[in-house]
Number of protein chains: 2
Amino acid sequence: MPSPDDDAKLKMEDIAREAGVSIATVSRVFNRPGVVHPDTLARVKEIASRLRYTPNLTAGSLAGNRSRIIAAVIPTITNSIFSETIDGLSTVLTGRGYQLLLGQTSYRDDQQAALIETFLGRRVDGLVLTGITRDRKVRTRLKSARIPIVETWEFGANPIDMLVGFSNEKAGAAAADYLIGRGYARLGFIGGSDQRSGARLEGFCHAVAAAGIAPCRIVRIPSPSPSSVMAGSQAIAQLLHERPKPDAVFCSNDMIALGALVECQRRGLNVPRQLAVMGFSDLPIAKAVAPSLTTVQVGAMDIGSQAATMLLEKIEKGHIACKRVDLGFSIVARESA
Amino acid sequence: MPSPDDDAKLKMEDIAREAGVSIATVSRVFNRPGVVHPDTLARVKEIASRLRYTPNLTAGSLAGNRSRIIAAVIPTITNSIFSETIDGLSTVLTGRGYQLLLGQTSYRDDQQAALIETFLGRRVDGLVLTGITRDRKVRTRLKSARIPIVETWEFGANPIDMLVGFSNEKAGAAAADYLIGRGYARLGFIGGSDQRSGARLEGFCHAVAAAGIAPCRIVRIPSPSPSSVMAGSQAIAQLLHERPKPDAVFCSNDMIALGALVECQRRGLNVPRQLAVMGFSDLPIAKAVAPSLTTVQVGAMDIGSQAATMLLEKIEKGHIACKRVDLGFSIVARESA
DNA sequence: TTGAAAGCGCTACCAG
DNA sequence: CTGGTAGCGCTTTCAA
């Protein structure tokens with residue numbers, strides 16, 4: 001009598017023998033059911049499920065030179081904005097029979113390079129990167145890897161392969177323009193020290209300069225930060241010391257903005273009358289707080305689904321019509337600014 | 001001259017030939033460097049890195065019957081609390097040369113079963129599950145899979161294999177006792193409809209009953225919910241209609257509590273004087289909001305690191321001293337209750 | 001529509 | 001410490 005854990009050691013050969021067919025046929029049953037005779041198909045399927053057979057995907061990957069694994073490299077999963085992207089990725093991939101291998105860099109370049117190397121060693125079918133990697137060596141390595149790659153969350157000029165995102169610089173500029181258009185004239189900026197926040201800051205400052213108003217006050221928070229909310233509160237406190245006091249502040253993410261909001265509330269400062277606060281990302285919480293948060297919406301989840309879709313198209317069709325997708329962004333005007 | 005993408009097709013054989021050793025030795029250089037002669041080691045390493053050779057981990061997995069992949073199954077990555085667990089998992093695993101395969105169930109049992117089947121097919125070295133799976137078939141399947149498994153976020157009686165978490169029921173009871181101890185007597189509960197929230201509710205109600213005060217008012221939010229914060233606001237509005245009005249409410253997660261807080265603020269209700277609000281999880285935001293949120297701290301990240309550590313011990317040593325780890329919880333008293 | 005057989009690239013055992 | 005080599009379980013021609 002077979003022991004209850006025999007299913008773990010079952011192989012195609014066992015199914016083939018039981019069904020009186022070759023292992024090639026069993027393989028086809030799982031991979032191209034369309035080409036096997038209906039009767040054979042039914043019989044093999046029945047036996048496989050009765051014996052609780054699960055094909056060994058590792059062996060399949062090796063033989064087929066195709067892993068059905070996509071790897072994603074993100075700074076940290078703990079940031080809601082990246083979790084949403086992962087959610088989008090994961091949902092599309094799972095739905096199409098692929099799996100997601102996840103790695104965090106903690107904003108460290110050496111970590112990133114190491115992760116990429118491991119994923120390449122795993123022979124993943126595709127790679128999703130957060131942001132544009134500046135590291136020349138990594139870029140070269142990636143290009144010669146000859147696998148579909150999509151860079152996300154930024155929209156630069158020379159992608160390694162594919163690209164889906166938006167221009168952080170333009171988004172920063174749009175935020176400034178929005179605030180200026182609402183009549184604010186002494187603008188502050190609070191942001192992380194990562195590259196994407198830097199781009200937003202750059203766009204923001206350019207727009208401020210272009211409008212001919214005084215240059216903006218800036219506070220940058222080191223990445224990674226234990227708590228963005230707390231950091232936002234502290235940053236706003238710092239900004240409030242400046243003279244003349246800013247009348248509006250743009251935060252490079254919603255959590256920081258939330259911290260700013262809380263700090264204003266704590267100090268009895270009316271938002272937006274005494275200080276306007278604007279966020280970035282449009283997390284679900286942005287519309288739920290009071291005052292609700294004016295923010296820049298960027299479709300974090302869409303970035304993930306789009307990246308997955310492009311990757312799969314390239315993997316399965318061998319090429320892709322459009323390698324660069326600009327998802328854009330939009331200003332969501334609410335109460336805080 | 002080799003084309004720049006030749007590295008992708010390089011195999012151990014190429015390195016072996018170049019170094020004048022056997023492929024067995026090359027394999028040892030990567031897996032057990034200690035047993036090869038220092039000179040050989042150096043030479044092989046130099047050649048491998050010069051040629052930009054990356055071992056094919058898939059082939060290694062098949063031959064070695066060991067994938068160095070751990071899979072995690074969570075309801076949704078979008079919930080900060082699970083991202084923290086994933087963060088803990090990922091950090092430990094990466095540090096020890098393992099990779100993380102991630103799958104979301106969206107709180108659906110069929111999805112969960114399908115994911116588990118795929119992961120098993122991938123021959124992962126270990127599996128991390130969120131919560132206790134009630135599905136008998138899945139449990140049986142998992143037991144016969146003979147791989148290390150750790151169930152998390154709950155502390156039940158008959159784990160499939162290993163267990164790390166805390167008792168949601170006791171945590172719920174502790175929350176009730178805390179509120180009762182502070183003098184509140186008309187308690188409300190707002191929670192998700194998942195199993196873990198259910199356990200917290202159960203503990204909460206038992207404690208209320210044990211204290212001999214009126215049974216608590218309950219609002220349950222369907223899972224998954226688009227925005228917990230929003231749902232919290234709506235739920236509190238609903239609770240506020242009850243007569244007599246509750247004087248304290250326990251929310252089964254911090255985001256819901258945050259929504260409650262915001263709604264109170266919106267209605268000009270003083271927290272905690274007119275209504276005490278208590279959360280669950282101790283997200284970073286809990287201590288940053290005003291009033292700061294009294295909550296139950298559960299070490300979501302620790303659950304992840306602990307799960308990874310146990311899995312690796314079992315994988316590498318073949319057995320583990322302690323299969324059940326109760327991480328406990330603690331009440332963090334702040335301003336809101 | 002099916003079968004036979006040649007690998008996929010590596011690990012691990014055994015000999016030396 | 002090193003080499004030879006038999007698989008790991010599957011996919012994929014090629015022929016039948």
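Letters A, B, ... mirror the listed sequences (proteins, then strands); counts begin at 1.
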Where do N or O atoms of nucleotides 7-9 of chain D meet protein N or O atoms at under 3.5 Å, pair by pair?
from  : atom 1 : to      : atom 2 : distance (Å)
D/dC8 : O2     : B/Ala63 : N      : 3.2
D/dG9 : OP2    : A/Lys11 : NZ     : 3.1
D/dG9 : N2     : A/Ala59 : O      : 3.4

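Put simply, CD on B/Glu13 is 15 Å from C1' on C/dT11, counting in whole angstrom units. If you measure from atom CD1 of A/Ile15 to atom C1' of D/dT11, you get 17 Å, rounded to the nearest angstrom. Whole-Å rounding puts the B/Arg68 CZ to C/dG9 P distance at 21 Å.
Near-neighbour residues of DNA chain D inside residues 21-29 of chain B, defined by a heavy atom below 4.0 Å, number-ordered: B/Val21, B/Ser22, B/Ala24, B/Thr25, B/Arg28. Within residues 32-43 of chain A, the residues approaching DNA chain C are A/Val35, A/Val36, A/His37, A/Thr40, by heavy-atom distance under 4.0 Å.
The 12-atom threshold is exceeded at CG of B/Asp326, counting heavy atoms of other residues, nucleotides or ligands nearer than 6.0 Å. Heavy-atom contacts from other residues, nucleotides or ligands closer than 6.0 Å to CG of B/Asn158 number 12 or fewer.
Of all the heavy atoms in A/Leu163 and A/Met310, the pair that sits closest is O-CE, 3.9 Å.
Across A/Lys143, A/Arg139, A/Lys314, a single residue satisfies salt bridge (Lys or Arg N to Asp or Glu O under 4.0 Å) together with A/Asp161, and that is A/Lys314. Of the residues listed (A/Leu10, A/Val44, A/Ile47, A/Val26), the one engaging A/Glu18 in a side chain to side chain contact (heavy atoms under 4.5 Å, CB included) is A/Ile47, and it is the only one.
Between A/Arg17 and A/Asp14 a salt bridge is recorded (basic side-chain N to carboxylate O distance below 4.0 Å).
There is a side-chain donor-acceptor pair under 3.5 Å between B/Gln104 and A/Ser90.
Within the 4.5 Å cutoff, the side chain of A/Ser27 has heavy atoms near those of the A/Met12 side chain. Counting only heavy atoms from C-beta outward, the side chains of B/Trp153 and B/Ile81 approach each other to under 4.5 Å.
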Inset, instruction - Apply side chain to side chain contact (heavy atoms under 4.5 Å, CB included) to the pair A/Leu142 and A/Leu120, showing each step before the final yes or no. - result: CA-CA 9 Å; A/Leu142 250 18; A/Leu120 254 24; 4.2 Å; yes

